Amino acid sequence: KIMDTLQKGDLIHIPQGVFLVAPGSAPCLKTDRPRTAIFLGTSTWKGLFPALVFLDGKQFMVRSDHIYLLKEQEKKSNVS
């Protein structure tokens, strides 16, 4: 289970077409391309969107089955 292995500050991969929800507001956004984000921890919506991430200067909640830990080799070549 990904949430058990991630630590705050880990770089994660978010594929294209994933819905991100901003905490405390209704608007959501769908990724238009694969993205790299920072894992912040567990969100307040633990059921549906349990992961809290930092992307483009904002916090978003995302489904845990839609995020992947970047491996060391990917960290060196992945910029987004």
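The structure displayed is predicted, hence computed values, not measured ones.
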S43 side-chain N/O to F49 backbone N/O, donor-acceptor pair under 3.5 Å = yes

If we only count heavy atoms from C-beta on, is the H13 to T36 side-chain gap below 4.5 Å?
-> no

Step by step, would you call F39 with M3 a side chain to side chain contact (heavy atoms under 4.5 Å, CB included)?
-> CA-CA 10 Å; F39 179 74; M3 294 293 285; 4.0 Å; yes

Can you tell which of I2, V53, L70 makes a side-chain contact (heavy atoms from CB on, under 4.5 Å) with I12?
-> V53

With side chain to side chain contact (heavy atoms under 4.5 Å, CB included) as the test, would you mind laying out the steps for L29 and F60 before giving the verdict?
-> CA-CA 9 Å; L29 132 82; F60 292 99; 3.5 Å; yes

Scan residues 11-22 for pairs that pass salt bridge (charged side-chain N to carboxylate O under 4.0 Å, His left out), counting only residues two or more places apart or in two chains.
-> none

All side-chain contact (heavy atoms from CB on, under 4.5 Å) counterparts of L48, not counting sequence neighbours = none

Between H66 and V62, which heavy-atom pair has the shortest distance, and what is it?
-> CB-CG2, 4.3 Å

Evaluate whether atom CD of Q16 has more than 12 neighbouring non-hydrogen atoms of other residues, nucleotides or ligands under 6.0 angstrom away.
-> yes

Reported OG1-to-NZ distance for the pair T42 and K8, which is rounded to 0.5 angstrom | 11.0 Å

Validation row: P15, P34 side chains within 4.5 angstrom (heavy atoms) | no

Could you check K58 against D56 for salt bridge (charged side-chain N to carboxylate O under 4.0 Å, His left out), going step by step and ending with a plain yes or no?
-> CA-CA 6 Å; K58 298 176 186 156; D56 293 338; over 6 Å; no

Is there side-chain contact between L11 and I38, with heavy atoms separated by less than 4.5 Å?
-> yes

Set of residues satisfying side-chain contact (heavy atoms from CB on, under 4.5 Å) with respect to T31, sequence neighbours excluded | I14, V18, L20, R35

Output for pair (F19 CZ, K30 NZ), nearest 0.5 Å, gives 4.5 Å

